[in-house]
Asks: 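So that we are looking at the same thing, I have put the structure below in structure tokens.
Within every chain, numbering begins at 1; the chains are lettered A, B, ... in the order of the sequence lines, protein sequences first and strands thereafter.
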There are 2 protein chains.
Amino acid sequence: MPKNCNFIEKLREVGLRPTKQRIKMCEVLYNREKTFHFTINDLVKMISEKMNEKISLATVYNTVHAFEKKGYLKEISIDSHKSYFDTNTSAHHHFFDEDTHELIDCDESDIDKINIRKNITGKKINSVEVLVRVASDNQTQK
Amino acid sequence: MPKNCNFIEKLREVGLRPTKQRIKMCEVLYNREKTFHFTINDLVKMISEKMNEKISLATVYNTVHAFEKKGYLKEISIDSHKSYFDTNTSAHHHFFDEDTHELIDCDESDIDKINIRKNITGKKINSVEVLVRVASDNQTQK
DNA sequence: TCAATAGTTTAGAATTATTATAATGTAGAT
DNA sequence: ATCTACATTATAATAATTCTAAACTATTGA
Ligand SMILES: [Mn+2]
Ligand SMILES: [Mn+2]
Ligand SMILES: [Zn+2]
Ligand SMILES: [Zn+2]
């Protein structure tokens, strides 16, 4: 359970000034056992709850994108109407619960390594990710 | 190369009135050799070119969503900032060219069937789709 | 045939998510 | 303590999508 200081250094290392907003955001994002998925709105709420002061929506957007660029966060495209972010920045697969709109990570062991036989000339593969959409069993009755 | 009449019947069958806008949209979407991917803006342009009259943007949105609901079209989530649609409504995998923002279908033979070992209690799997992001070979030089 | 009706299109307004602007504030250096 | 570059903020602007309500049209059946 690291506290502020770690984040101050982490931010410095990649050339971001450790402002109190960014430190608070780091705490909310990384001071936890497991990685998680969130939307910008989720995050604004979380930060506001942890701070007594309000944080500007623009700052959250800016900082999320700064973190994304630095590799602290990853954007996940699941739903064209909503942006999800992930504190798990490694390549990994997802389940998406279409009832609750919740994202769930897959472990390595859940899906075999995927072998791509096609290749596109002049292009290299940047990532291969699987999305498994799930929904309540009884709702799609025929 | 089917013409209008087919579409009129097709639309009637699923309970949509065969208006001239919908018939024109069917022609643009389905009167071709191969399936394809498009954005709403692409489609508006294509339809406007094929018609002498303009078509309302709202009509294109409404009709695309009506078609989607009927299973004539499928929405593809690749980029949270843009909605792509696909006239190939079967379950299939994609390559996404990050340089050109172009979507390319995978054939069955390009990727082996994916075996999911995890299961989420009370939930059934609706789809399993792979997205392979590719980009120019020389651009991601280290 | 031809109104009646239900469904459709349309222009434009409204909404939502995101990004830009420009003034103010702050961290780090000297 | 002062300076400067970078950050935050409130607010405005933009972009994508959806809503609204009036005008239009396909279908039905008298
Ligand atoms: Mn983004
Ligand atoms: Mn949609
Ligand atoms: Zn994840
Ligand atoms: Zn496709």
Asks: Does any part of the side chain of B/Ile120, heavy atoms only, come nearer than 4.5 Å to the side chain of A/Asp97, both counted from C-beta?
Replies: no
Asks: Using atom NE2 of B/His81 as one end and atom C1' of C/dA17 as the other, report the distance to the nearest whole Å.
Replies: 10 Å
Asks: Aromatic rings A/Phe67 and A/Tyr30: how do their planes relate, parallel, tilted or perpendicular, breaks at 30° and 60°?
Replies: tilted
Asks: Within the structure, does a side-chain N or O atom of A/His65 lie under 4.0 Å from either OP1 or OP2 of C/dT18?
Replies: no
Asks: So, OP1 or OP2 of C/dT19: does either fall under 4.0 Å of a side-chain N or O from A/Tyr61?
Replies: no
Asks: To the nearest Å, give me how far apart CZ (A/Arg12) and P (D/dA5) are.
Replies: 19 Å
Asks: B/His94: what forms a ring pair (Phe, Tyr, Trp, His ring centres under 6.0 Å) with it, not counting sequence neighbours?
Replies: B/His37, B/His92
Asks: List the protein contact pattern of nucleotides 3-12 of chain C with one symbol per nucleotide (5' to 3'): B for base contact, S for sugar-phosphate-only contact, - for none; contact means a heavy-atom distance under 4.0 Å.
Replies: ---BBSSBB-
Asks: Which residue, A/Asn119, A/Val128, A/Ile114, forms the side chain to side chain contact (heavy atoms under 4.5 Å, CB included) with B/Val132?
Replies: A/Val128
Asks: Provide, to the nearest angstrom, the distance between the CG atom belonging to A/Asp79 and the P atom belonging to D/dT17.
Replies: 12 Å
Asks: Could you state the atom-to-atom distance from CG of B/Leu43 to P of D/dT17 in whole Å?
Replies: 12 Å
Asks: Kindly indicate, with the supporting measurements, whether the criterion side-chain contact (heavy atoms from CB on, under 4.5 Å) is fulfilled by A/Met25 and A/Leu43.
Replies: CA-CA 8 Å; A/Met25 195 171 301; A/Leu43 188 56; 4.2 Å; yes
Asks: With under 30° as parallel and over 60° as perpendicular, where do the rings of A/His101 and A/Phe96 fit, or are they tilted in between?
Replies: tilted
Asks: Whole-Å distance between D/dT17 C1' and B/Asp42 CG?
Replies: 16 Å
